[in-house]
Amino acid sequence: MTMNLFNQFLSPTFLGLPLIAIALMAPCLLYPSPAPWWQSNRWTTLQNWFIGSFIKQILSPINTKGHSWALLLATLMVFLITLNTLGLLPYTFTPTTQLSLNMAFAVPLWLATVIMGFRNSPTHALGHLLPEGTPTPLVPTLIIIESISLLIRPLALGVRLTANLTAGHLLIQLVSSAAFSLLLSQTTAASLAVGLLLLLTILEIAVAMIQAYVFVLLLSLYLQENV
Amino acid sequence: MPAGSAFGNWWSLMRPYYTKAYQEMWVGIGIMTVLYYKVSYGAASLNKVCSKRLTELSLFISVRDLFINTPKWFGYPIFFYSEPKLSLIN
């Protein structure tokens, strides 16, 4: 009888119906819709302020052509932050621990930036494969290396988010299991474990928000290169 | 009908994005859809074109997923991938 630590990451189903669909709808249900009147309530104003500041900050290095991605980047950011932080509640399922979901975000978005780059200015896009000032003998090697680094980007994007969240949830489960099992026999050790758990939870809240931000920031950087 | 007009309202706002701004996205979405299909259901057709090892891996993944999502009251087959949850915490 061994405890399988990875059971918490299994995609939940009920009578064959995937519950991940409901989990993915949760962010849409939590935020207020824009109101038709001139002055919104405090929540909507706060939401608008946050999205406005975020978009201003993330789109400032990108030229006007890339500003059509504002809606996508803002939505993605709010979506990922909400999924990540909701997943920190006990007994909730975090969809962003699934590699399939994160790759489904990373691959189309990265590929869209690459295709955009080749469509708008192919010479400029190909020029990214060779850094300026490269010595001539190193040119073929560096082109291969830069091509590999380009192709590895979507994998890194998806796996970074998955691994960070999975590792965090796993650590929380391990430490909480240790604290629970030591509670009666070794109370001091259990209280230390509870203290560690508190710090870990604070760290995981930060990681949840930072990883969502990093995902969107890297996408904006890839967009900046290709626009 | 409210559902129809809701979709119509949404599409009238989002149409320029899906048809003009995010055209390149559809390529990636198509590729990922095909890849997911191949990994989940493509074992039989993969057998014709790919190596035996890749076919076995795809079959393993698709069969494993089938048994992972089996409800508990169905009973566990002998080769169930993950053990049942026996901890009080989980």
Side-chain angles (χ1 to χ4, degrees), chain A residues 1-20 34 65-72 75 90-91 99-120 154 158 172-181 183 223 226-227, chain B residues 2-3 5-7 9-42 57-58 60-76 79-90:
Chain A
M1 284 200 323
T2 52
M3 187 172 72
N4 192 332
L5 295 167
F6 291 93
N7 276 343
Q8 61 177 314
F9 301 119
L10 294 177
S11 188
T13 54
F14 180 71
L15 298 176
L17 295 170
L19 296 179
I20 193 170
K65 257 189 191 173
H67 288 186
S68 58
W69 279 52
L71 178 71
L72 180 70
T75 315
Y91 294 102
L99 186 65
S100 53
L101 185 94
N102 295 332
M103 292 304 288
F105 279 131
V107 170
L109 294 174
W110 163 81
L111 194 60
T113 60
V114 170
I115 293 173
M116 210 189 265
F118 277 103
R119 221 174 146 191
N120 296 335
I172 285 176
Q173 184 174 354
L174 281 168
V175 175
S176 62
S177 309
F180 188 76
S181 56
L183 202 58
L223 181 68
N226 289 299
V227 160
Chain B
S5 65
F7 177 79
N9 292 340
W10 172 80
W11 181 246
S12 63
L13 289 170
M14 296 302 290
R15 188 176 157 180
Y17 289 100
Y18 287 121
T19 53
K20 291 180 194 154
Y22 304 147
Q23 281 174 347
E24 295 89 359
M25 217 81 69
W26 297 109
V27 179
I29 290 170
I31 291 172
M32 289 306 286
T33 310
V34 169
L35 282 175
Y36 284 155
Y37 171 77
K38 290 286 182 198
V39 170
S40 302
Y41 304 106
L57 177 65
S58 175
F60 169 71
I61 289 169
S62 53
V63 168
R64 185 204 67 177
D65 282 343
L66 183 68
F67 285 118
I68 276 176
N69 292 325
T70 307
K72 287 200 169 115
W73 44 265
F74 248 45
Y76 293 116
F79 47 91
F80 189 74
Y81 174 68
S82 52
E83 292 93 2
K85 283 192 278 192
L86 296 171
S87 164
L88 289 172
I89 296 164
N90 288 337

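Just the heavy atoms: all of them, side chains too, but no hydrogens, waters or symmetry mates, feed the values below. A, B, ... follow the sequence lines: proteins, then strands. Residue 1 opens every chain.
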Minimal non-hydrogen separation, B/Y17 against A/S68, with atom names: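 Closest approach of B/Y17 to A/S68: CE2-O, 3.8 Å.
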
Nearest heavy atoms of A/W69 and B/Y22, plus distance in Å: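 Shortest heavy-atom separation between A/W69 and B/Y22 comes out as CA-OH, 3.8 Å.
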
Part of A/T113 within contact of chain B (heavy atom distance under 4.5 Å):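 Interface part for A/T113: neither.
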
Segment of A/W110 engaging chain B (4.5 angstrom heavy-atom cut-off):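 Neither part, no heavy atoms under 4.5 Å.
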
Steps toward side-chain contact (heavy atoms from CB on, under 4.5 Å) verdict (A/L72, B/M25): CA-CA 11 Å; A/L72 180 70; B/M25 217 81 69; 3.6 Å; yes

Chain A contact via B/I31 - which portion, at a heavy-atom distance below 4.5 Å: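 When you check distances to chain A, only side chain atoms of B/I31 fall under 4.5 Å.
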
Audit row: A/L71, B/M14, side-chain contact (heavy atoms from CB on, under 4.5 Å) steps and yes/no: CA-CA 10 Å; A/L71 178 71; B/M14 296 302 290; 3.6 Å; yes

